Amino acid sequence: MEKSHLNNEQEVYLAKWMAGEISDAELAEHISEEDFTFYKKLRLGTELLRTPGTDTFSAIQEKITSQQKAKPLPRKYIRWTMAAAASLVMLFAGYWYVMNGDTTISTTFSEQKTIALLDNSEVILNAKTQLSYEERSWENNREVHLDGEAYFKVEKGSTFSVITENGSVQVLGTQFNVKTTLDYFEVTCYEGMVEVRNGGKAKVLLPGMTVRRINGHPLEDGRSSQEQPSWIHGESSFKSVPLTYVLAELENQYSLTFDTKAIDDSARFTGSFGHDNKEVALSTVFNAMRIEYSYNDQKVVVLRPYE
Amino acid sequence: MLKELEKICKPAVFETIFKKYARDVKQFVFFKTQDMDQAEDILQETFVKLWENCDRVSYSKVKGFLYTTANNLFLNWFKHRNVVRNHEKSSLSRNNPESPEFVMLEKEFLEKIEKAIADLPDTQREVFLMSRMEKKKYAEISEILGISVKAVEKRMHQALKIMREKIGNV
């Protein structure tokens with residue numbers, strides 16, 4: 001079926017043919033007729049698996065507007081038609097300008113919010129998170145700004161970007177989690193494909209892959225076997241994360257303040273705590289870290305290492 | 001749900017419906033016509049009809065409306081094509097089954113492709129998906145992944161060869 005020279009590392013004619021850079025005839029020189037038929041079917045098949053894009057959608061919009069003009073109508077319909085045409089213009093051309101300005105949604109301590117964006121994309125915000133986007137340019141520019149942590153289920157379509165202080169995430173597919181607090185930045189992909197940009201570098205994540213960057217260190221790769229982030233089900237999990245970020249999360253979930261003068265908050269914590277019981281959460285984290293905690297008068301939690 | 005009738009007439013909702021169903025409707029039509037351009041035309045026509053009837057189709061009936069409309073448009077096209085064919089007996093259109101260019105594609109083959117894509121090694125799959133599903137150029141992919149264009153092409157080439165082996169003769 002295949003000639004031996006085809007195994008040559010340098011050969012990329014299949015890739016070139018798929019991209020239309022070489023012709024059918026040129027490809028046929030390299031492979032058997034059977035193979036050629038196969039690759040034609042594969043090209044056709046992948047085209048069918050692709051969701052029709054904006055080119056198709058704008059062709060539809062054009063047809064709609066032109067048919068509206070072209071149809072010769074009886075006189076009595078003309079006023080109705082004009083009204084319809086006017087509303088079409090309003091809807092298609094003016095829609096985005098009617099609603100303008102930034103939309104900001106935020107959550108406070110121990111709060112979670114689920115929101116639907118304009119295209120039915122869904123975002124779940126974890127506690128103490130702020131998300132904003134511009135409704136006016138949404139159609140052309142699906143871009144949100146995030147500070148905190150959020151889980152995204154993005155409808156397929158044009159590129160969807162999440163911009164944060166710590167880097168940006170470009171979505172090529174569908175479900176992912178972004179956490180960006182202080183100088184902690186973590187992205188996990190649960191479905192589809194996600195592109196993370198940070199410090200001039202880009203990285204593509206496939207499902208189950210996670211990448212994080214702590215305090216200016218290089219990006220670390222990791223794996224996640226979960227199907228959704230655990231915080232959605234009321235639990236915050238950490239894998240070898242400096243204590244300072246764990247405390248930040250406890251503060252967000254339980255509206256607390258910690259006094260960390262006596263402890264080393266760069267020690268790493270692996271484990272999780274629930275969002276429904278403060279005392280259990282505190283003892284889970286601090287027992288594991290061999291830290292004693294007590295409340296002072298101002299409701300500040302004072303931390304001390306074990307004797 | 002009270003206002004669900006009006007919802008389709010909103011461009012944003014209309015577009016969401018398009019994104020949700022366009023692929024499946026196109027596949028549905030393609031398996032009847034075996035002609036990609038025709039499938040695309042009928043798909044576009046179907047959504048034009050949906051827009052024209054957007055105040056009469058309730059949200060829950062959208063899917064049925066789309067498939068029925070697509071099927072009717074297909075039948076019209078099919079009748080018309082036969083008339084044309086009978087007129088010019090020697091028609092050699094691109095999708096003529098006797099023409100050597102013609103390849104027949106079945107639903108089962110699509111399923112095999114999907115499975116083969118899932119089985120590809122991660123590095124090859126990301127290139128394959130970006131190229132074929134996102135329609136990105138190799139140069140764009142090379143930029144995103146931070147590798148050379150040549151390396152992208154090699155991964156793509158390998159991916160295609162592996163898929164050939166996995167799927168076998170068709």
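Letters go in sequence order (proteins before strands), and every chain restarts at 1. Note that the structure is predicted; figures quoted are calculated from it, not measured.
- Applying the ring-ring contact (aromatic ring centres under 6.0 Å, His included) criterion to B:F65, with sequence neighbours excluded, gives no partner residue.
- Counting heavy-atom neighbours within 6.0 Å of B:K137 NZ, excluding the residue itself, gives a total of 12 or less.
- Other residues, nucleotides and ligands place more than 12 heavy atoms under 6.0 Å from the CZ atom of B:F31.
- For A:K239, the NZ atom sits in a loose shell: 12 or fewer heavy atoms of surrounding residues, nucleotides or ligands are nearer than 6.0 Å.
- Distance OG1/A:T46 to CZ/B:F128: 5.0 Å, rounded to 0.5 Å.
- A distance of 4.5 Å separates CG in A:L14 from NE2 in B:H157, rounded to the nearest 0.5 Å.
- Taking CE of A:M193 as the start and CG of B:D122 as the end, the distance is 11.0 Å to the nearest 0.5 Å.
- Heavy-atom neighbours of A:E62 CD from other residues, nucleotides or ligands within 6.0 Å: at or below the threshold of 12.
- Contact detail for A:I60 and B:Q44: the closest heavy-atom pair is CG1-CA, 3.7 Å.
- Heavy atoms closer than 4.5 Å to chain A are found in the side chain of B:E40, but not in its backbone.
- For the atom pair CE (B:M36) and CD (A:E47), the distance works out to 5.0 Å, reported to the nearest 0.5 Å.
- Summarising the geometry, atom NZ belonging to B:K19 is positioned 9.0 Å from atom OG1 belonging to A:T54; distances are rounded to the nearest 0.5 Å.
- Considering all non-hydrogen atoms of both residues, B:K26 and A:P52 come closest at CD-CG, 4.2 Å.
- When heavy atoms are compared at a cutoff of 4.5 Å, B:K20 does not approach chain A at all.
- Only the side chain of B:R125 has a heavy atom closer than 4.5 Å to any heavy atom of chain A.
- Contact check on A:K203 versus B:E126 returns no salt bridge, with no Lys/Arg side-chain nitrogen under 4.0 Å from an Asp/Glu carboxylate oxygen.
- In terms of heavy-atom pairs under 4.5 Å with chain A, the best-connected choice from B:M156, B:E143, B:M133 is B:M133.
- Side-chain contact between B:Y138 and A:M18 is present, with heavy atoms from C-beta onward closer than 4.5 Å.
- A:K63 and B:V48 make their closest contact through CB-CG2, 3.7 Å (heavy atoms, listed as atom of the first residue, atom of the second, distance).
- Side-chain contact between B:F109 and A:L44 is absent, with no heavy atoms from C-beta onward closer than 4.5 Å.
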List the steps and the verdict of side-chain contact (heavy atoms from CB on, under 4.5 Å) for B:E153 and A:K16.
-> CA-CA 7 Å; B:E153 288 176 341; A:K16 288 203 179 292; 3.1 Å; yes

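- Annotation for B:Q27 and A:L48: closest pair NE2-O, 3.1 Å, computed over non-hydrogen atoms.
- A pairwise comparison of heavy atoms in B:M163 and A:F38 identifies O-CZ, 3.7 Å as the closest pair.
- Using a 4.5 Å cut-off between heavy atoms, A:L206 touches chain B through its side chain atoms alone.
- To the nearest 0.5 Å, the span separating CD on A:E195 from CD on B:E134 amounts to 10.0 Å.
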